[in-house]
Amino acid sequence: MEMEMEKSRVLVVGGTGYIGRRIVKASLEAGHPTYVLQRAEIGLDIDKLQMLLSFKKQGAHLVEASYSDHQSLVEAVKLADVVISAISGAHIRSHQILLQLKLVEAIKEAGNVKKFLPSEFGMDPARMAHGLAPGRITFDEKMVVRKAIEEAGIPRTYVSANCFAGYFAGGLCQIGRITPARDRVLILGDGNAKAIFVDEDDVAAYTIKAIDDPRTLNKTVYLRPQENILSQRELVEIWESLIGKTLEKIQVPEEEFLDSMKGKDIGQQAGIGHLYHILYEGCLTNFEIGEEGVEASQLYPDINYTRMTDYLKQYL
């Protein structure tokens with residue numbers, strides 16, 4: 001019998017971030033030799049440093065490099081077969097998507113990377129050319145990075161993870177909330193547009209599964225776990241069944257929702273715009289996955305993904 005193929009060496013960029021830390025954990029658990037970029041700019045950020053040191057204790061290798069030092073990035077990239085970027089692109093956190101252009105240059109020069117997964121992990125930016133400002137900046141910048149990757153001829157996989165459960169399901173899709181209400185809830189539109197909610201640990205697990213899979217090469221991997229394709233009303237009903245109480249529901253018409261952007265800061269405006277596309281337009285589910293994409297839960301049925309009923313139980 002042929003020996004099982006060796007696991008790819010993985011370099012995670014943005015490993016201390018919201019999704020990055022989970023990707024590091026999933027990579028280690030799957031047995032990949034795992035490298036985590038430690039940026040020279042860490043300064044006095046003790047929380048990040050301690051997280052990096054905890055990765056080291058778990059078996060990860062820390063690699064010092066800086067976006068302002070091209071050669072250090074090239075040397076870091078040469079250590080890995082696969083590079084996964086989890087740089088933040090959320091307006092409410094830090095917005096650094098275009099820093100990846102420096103990473104693309106390093107990968108191009110190194111010439112050894114068999115797959116690059118840039119920081120996507122949300123809506124498919126290729127389908128969001130009509131996105132509302134200012135939230136569309138995220139989509140536009142991700143497309144700039146994609147263009148650079150493809151022009152450089154770098155093998156890639158894009159991961160479209162849809163709605164992180166912590167940000168969307170936890171607050172029942174309420175702007176400015178990350179815990180579920182117990183009295184009343186705003187229903188956006190008719191509340192029946194289907195969205196897709198994915199536990200963040202499952203995002204990481206599917207991502208790591210995809211790196212050595214030839215079926216994902218130069219494709220977009222859409223995370224659409226069947227039982228988590230839910231409307232806002234269905235999500236609210238799950239919560240109501242868990243707490244044994246019916247919430248007061250207030251419907252918010254489209255115009256009123258869009259008007260609520262006025263006077264808000266850029267992070268809130270971006271969030272309102274993204275929710276508009278998800279829950280008024282149904283942008284996550286109003287298309288069929290074509291030949292350019294594959295669906296993660298079909299590729300990896302062995303992953304027992306977290307259903308939203310179980311996810312919401314933690315808030316009881």
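Note that the structure is a prediction, hence the values are computed from the model and not measured.
- Residue L132 is grouped with residue L284 when hydrophobic side chains (ILVMFWY) are merged at heavy-atom distances under 4.5 angstrom, including chains of intermediate members.
- For the atom pair NZ (K142) and OG1 (T138), the distance works out to 6.5 Å, reported to the nearest 0.5 Å.
- With respect to the salt-bridge test (charged N to carboxylate O, under 4.0 angstrom), the residues K209 and D302 qualify.
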* To do: Check the pair L11, I84 against side-chain contact (heavy atoms from CB on, under 4.5 Å), reporting the backbone distance first and the verdict last.
  => CA-CA 6 Å; L11 172 66; I84 304 174; over 6 Å; no
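- Here the side chains of V145 and Q100 are in contact, with some heavy-atom distance below 4.5 Å.
- The line from NZ of K264 to CD1 of I272 is 5.0 Å long, rounded to the nearest 0.5 Å.
- Among all heavy-atom pairs drawn from A60 and L28, the shortest one is N-CD2, 3.8 Å.
- Scanning all heavy atoms of the two residues, the minimum distance from L117 to V159 falls at CD2-CG2, 4.0 Å.
- By the criterion of side-chain heavy atoms lying less than 4.5 angstrom apart, applied directly or through intervening Ile, Leu, Val, Met, Phe, Trp or Tyr residues, M261 is grouped together with L186 in one hydrophobic cluster.
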* Any chance you could lay out the side-chain contact (heavy atoms from CB on, under 4.5 Å) test for L73 and K102, step after step, and finish with the verdict? => CA-CA 8 Å; L73 277 184; K102 294 179 181 291; 4.2 Å; yes
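- Annotation: side chain to side chain donor-acceptor pair (under 3.5 Å) contacts involving residues 38-64, sequence neighbours excluded, comprise E41-S66.
- Residues R177 and T179 bring a donor and an acceptor atom of their side chains to less than 3.5 Å of each other.
- Residue L62 is grouped with residue V82 when hydrophobic side chains (ILVMFWY) are merged at heavy-atom distances under 4.5 angstrom, including chains of intermediate members.
- The CD atom of Q232 sits 5.0 Å away from atom SG of C173, with the distance rounded to the nearest 0.5 Å.
- Residues F121 and Y18 place their aromatic rings such that the two centres sit no closer than 6.0 Å.
- Under the side chain to side chain donor-acceptor pair (under 3.5 Å) criterion, the residue pairs touching residues 281-301 are R127-E292, H130-E281, D213-Y300, H277-E281, E295-S297, with sequence neighbours excluded.
- Applying the side chain to side chain contact (heavy atoms under 4.5 Å, CB included) criterion to I243, with sequence neighbours excluded, gives R182, W239, K245, L247, L316.
- Residue-environment remark: CZ (R215) exceeds the threshold of 12 foreign heavy atoms within 6.0 Å.
- Considering only residues two or more places apart in sequence or on other chains, E227 meets the side chain to side chain donor-acceptor pair (under 3.5 Å) condition with R307.
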* Could you walk me through whether L188 and L275 pass the side-chain contact (heavy atoms from CB on, under 4.5 Å) check? -> CA-CA 9 Å; L188 306 186; L275 260 186; 4.0 Å; yes
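- Applying the side chain to side chain donor-acceptor pair (under 3.5 Å) test to E256 and every residue at least two apart in sequence or in another chain returns nothing.
- Within 6.0 Å of atom CD in E150, more than 12 heavy atoms from other residues, nucleotides or ligands are found, so the atom counts as buried in its surroundings.
- The environment of L53 atom CG is dense: over 12 non-hydrogen atoms of other residues, nucleotides or ligands sit within 6.0 angstrom.
- Linking ILVMFWY residues whenever their side-chain heavy atoms come closer than 4.5 Å, directly or via other members, places I303 and F164 in the same cluster.
- Distance check, rounded to the nearest 0.5 Å: CG of D199 to OH of Y206 gives 10.0 Å.
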* **side-chain contact (heavy atoms from CB on, under 4.5 Å) between N192 and R233, intermediate numbers included** => CA-CA 6 Å; N192 294 321; R233 284 190 183 276; 3.5 Å; yes
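- Using a cut-off of 4.0 Å between Lys/Arg side-chain N and Asp/Glu carboxylate O, D124 and R146 are scored as salt-bridged.
- Put simply, CE on M308 and OH on Y311 are 7.0 Å apart, with the number rounded to the nearest 0.5 Å.
- A salt bridge links E151 to K147: at least one charged side-chain nitrogen sits closer than 4.0 Å to a carboxylate oxygen.
- For E240, the side chain to side chain donor-acceptor pair (under 3.5 Å) partners at least two apart in sequence or on another chain are K249.
- Taken from CZ in R22 to CD in E200, the straight-line distance is 5.0 Å, to the nearest 0.5 Å.
- Residues Y158 and P125 fail the side-chain proximity criterion, which asks for heavy atoms closer than 4.5 Å.
- The salt bridge (charged side-chain N to carboxylate O under 4.0 Å, His left out) test with D81 is passed by exactly one of K114, R9, K115: R9.
- Counting heavy atoms from C-beta outward, T157 and I211 have side chains that stay 4.5 Å or more apart.
- The two residues P33 and S8 make their nearest non-hydrogen contact at CD-O, 3.6 Å.
- Side-chain contact of Q96 with Y67: a donor-acceptor pair under 3.5 Å is absent, judged by distance alone.
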